[in-house]
Amino acid sequence: MNHYASIAAALEAENLDGVLLTGEANRFYAAGFFTPGEDAAALVTRKDAVFFTDARYTEAASRCLEETELREVKPGKGLTDQLREVLFLKGVHRLGFEDASMSVRSFRRLEKALSEEKAPPALLPASEALLKLRQTKDAEELRRLEAAQGIAERALEDILKEIRPGVTEREIAARLQYLMLHYGASDMSFDPIVVSGPNGSLPHGVPSEKEIQSGEFVTMDFGCVYGGYCSDMTRTVAVGSVTEEMERVYKTVLAAQEAGIAAVRAGVSGKEVDAAARSVIEAAGWGECFSHSFGHGVGVEIHEAPSAASSSESPLPAGAVISAEPGIYIPGRLGVRIEDVVLVTPEGCRNLTKAPKDLTVL
Ligand code: ZN
Ligand code: ZN
């Protein structure tokens with residue numbers, strides 16, 4: 001899998017001859033081959049693509065890359081030397097770079113190396129165009145996103161049998177990670193969040209040594225990577241019993257999530273989707289307790305465009321995958337969040353998360 005053709009079309013639209021991909025996410029998105037850090041680079045022009053990496057990765061890269069010229073970076077002939085040569089050979093005069101992720105130091109180095117040319121190419125920011133491109137998922141990307149989601153859900157099914165009073169948040173987090181790897185994940189999308197009882201009001205709390213007690217909620221927010229694509233889901237379950245208040249909070253969050261999901265459609269702004277969910281929570285009197293946005297895009301990165309926040313004016317494009325994750329957090333007492341990921345379609349959306357959401361008391 002590579003995305004050279006769609007990048008080439010974007011280059012034309014942005015009036016660029018090529019783009020230099022130095023960050024993990026865009027480099028992987030373009031070439032379909034993952035290398036960590038800033039050691040490798042991919043150059044995509046309107047006609048072709050070159051991948052630069054060192055001897056640690058060249059064999060793996062040659063097995064994986066398609067339609068790509070592979071260049072090995074050697075101590076005597078570093079990345080910038082080879083890049084200058086290639087840019088000259090391919091007549092790249094307007095070069096896009098990753099302004100959102102390249103470090104200032106790397107940028108200055110690149111600028112200095114290129115300035116030694118007689119006619120150095122102009123360096124132009126390209127992160128925005130790349131983010132926009134990545135919003136819309138193709139069939140293969142969707143297949144991978146759904147597979148990642150499926151793995152997380154198998155892990156959830158297993159972990160529900162293990163949650164009982166006395167088990168710590170950290171044990172649950174560790175087991176979730178093991179189970180996702182066991183079912184085929186290559187990595188975690190992020191460190192799992194497992195919070196219980198009063199810790200539940202910390203939306204991004206870190207799993208602690210706290211033991212789960214009867215009468216508490218346990219919120220688990222987790223996801224894994226499969227084929228380079230991330231999943232993301234949250235389920236909140238109760239242990240032993242629930243109070244009337246816990247039940248009301250849970251039902252409100254679920255109703256808000258359903259209202260938000262019902263508002264998702266290509267062309268609708270993220271702001272409208274957020275508002276559909278938020279109004280349900282506000283009407284129930286917990287408006288102050290929904291302290292983050294409704295959703296974010298998911299793909300090669302766990303948080304990417306588009307966003308479904310109260311500040312997101314731009315319309316959601318068909319083919320985007322976004323999370324739907326309202327929550328109510330009552331400081332020092334309890335919290336509930338429910339999160340699915342949905343595919344935006346012209347008619348509405350398709351929920352990629354299949355795990356049940358009715359209030360579960362274990
Ligand atoms: Zn999440
Ligand atoms: Zn999320």
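Order of listing sets the numbers, starting from 1, for every ligand and every atom in it.
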> Quickly, which of Arg84, Met102, Arg105 forms a side-chain contact (heavy atoms from CB on, under 4.5 Å) with Leu110? Name it, please.
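The residue from Arg84, Met102, Arg105 that satisfies side-chain contact (heavy atoms from CB on, under 4.5 Å) with Leu110 turns out to be Met102.
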> Does a donor on one side chain sit under 3.5 Å from an acceptor on the other, for Asp99 and Ser127?
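Yes, a side-chain donor-acceptor pair sits under 3.5 Å.
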> Any N/O/S of His296 under 2.8 Å from the Zn ion (ligand 2)?
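Yes, since at least one N, O or S atom of His296 sits under 2.8 Å from the Zn ion (ligand 2).
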> Does Arg235 come within less than 4.0 Å of Asp340, counting only side-chain N to carboxylate O?
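A salt bridge links Arg235 with Asp340.
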> For Glu157, is there an ion pair with Lys354 - N to carboxylate O distance below 4.0 angstrom?
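Salt bridge flag = no for Glu157 with Lys354.
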> Per the side-chain hydrogen bond (donor to acceptor under 3.5 Å, both in side chains) rule, what does the pair list look like for residues 285-295, sequence neighbours excluded?
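Of all non-adjacent pairs touching residues 285-295, those that pass side-chain hydrogen bond (donor to acceptor under 3.5 Å, both in side chains) are His292-Tyr329.
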> For the Zn ion (ligand 1), how many protein N, O or S atoms lie at less than 2.8 Å?
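If we list every protein N, O or S atom nearer than 2.8 Å to the Zn ion (ligand 1), we get 4.
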> Using the ring of each side chain (for Trp, its six-membered ring), is Phe33 parallel, tilted or perpendicular to Phe51, with breaks at 30° and 60°?
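Perpendicular, since the angle between the ring planes exceeds 60°.
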